[in-house]
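Reviewing the structure listed below.
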Amino acid sequence: KNQVEQSPQSLIILEGKNCTLQCNYTVSPFSNLRWYKQDTGRGPVSLTIMTFSENTKSNGRYTATLDADTKQSSLHITASQLSDSASYICVVKLTNNAGNMLTFGGGTRLMVKP
Amino acid sequence: KAGVTQTPRYLIKTRGQQVTLSCSPISGHRSVSWYQQTPGQGLQFLFEYFSETQRNKGNFPGRFSGRQFSNSRSEMNVSTLELGDSALYLCASSQGQGALMGGYTFGSGTRLTVV
């Protein structure tokens, strides 16, 4: 069964601190892995996209890593800001004969406090 | 470049009714996919359309259906609404199938409340 598990479910950190979110997946056939940020009441916005051959991808203060062997990914946020408060969703795309399908993790709800 | 447009933004319906949601993809994008997001289940894939054909379908009952028009706009229909259908319905567009690095751009969603 294709699954994406994220941890922790929720996280509270102080402004300026760093944090790391985890994502484990069992999706086959794997196409790529994406991290999205979703503000309350809005659609998800893409942060990074990585294929199995990419280990690290950065987007400003966001750095994603991927270990295709262990099927694990992480999202590291540096020098957090209040605007980082959101849900972060790990999404794995699989491609089969029928087409593409996205499998979503449950998300990590991050709250950054002043 | 306009983003993905979903209408309406909010909707309140009564149990048993049916509802149609609309999604206009980014210009030039030919693939549209739909997702249901609830607090308990998170984001779940409903179906994906490419060139007016449904290419993939998630694990939802037949009350959930969709279609895509020649201009790539898509509609999603839910018949015989149940209380559990209350959710944020998101659509996402991408350039097309087989685009390995194709990004999925999401709309802001339609918040459906069934009473």
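Quick note on labels: first sequence line is chain A, next is B, and so on, each numbered from 1.
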Subject >> Pair B/Thr80, B/Arg63: side-chain N/O donor-acceptor within cut-off below 3.5 Å >> reply: no
Subject >> Any side-chain donor near an acceptor of the partner, A/Thr51 and A/Ser53, under 3.5 Å >> reply: yes
Original post:
At a heavy-atom separation under 4.5 Å, does B/Tyr35 approach chain A through its side chain, its backbone, both, or neither?
Top reply: side chain
Original post:
For B/Gln37, is it the side chain, the backbone, both, or neither that has a heavy atom closer than 4.5 Å to a heavy atom of chain A?
Top reply: side chain
Subject >> B/Glu75/B/Arg73 ion pair, N-O < 4.0 Å >> reply: yes
Original post:
Do A/Thr65 and A/Ser74 have side-chain atoms, one donor and one acceptor, less than 3.5 Å apart?
Top reply: yes
**OP:** Decide if the gap between the ring center of B/Phe45 and the ring center of B/Phe60 is smaller than 6.0 angstrom.
**Re:** no
Subject >> Whether over 12 other heavy atoms sit under 6.0 Å from A/Phe52 CZ >> reply: no
Subject >> Sorted by number, residues from residues 82-93 of chain B in contact with chain A (heavy atoms, under 4.5 Å) >> reply: B/Leu88, B/Leu90
Subject >> Pair B/Tyr104 + A/Tyr36: ring centers closer than 6.0 Å >> reply: no
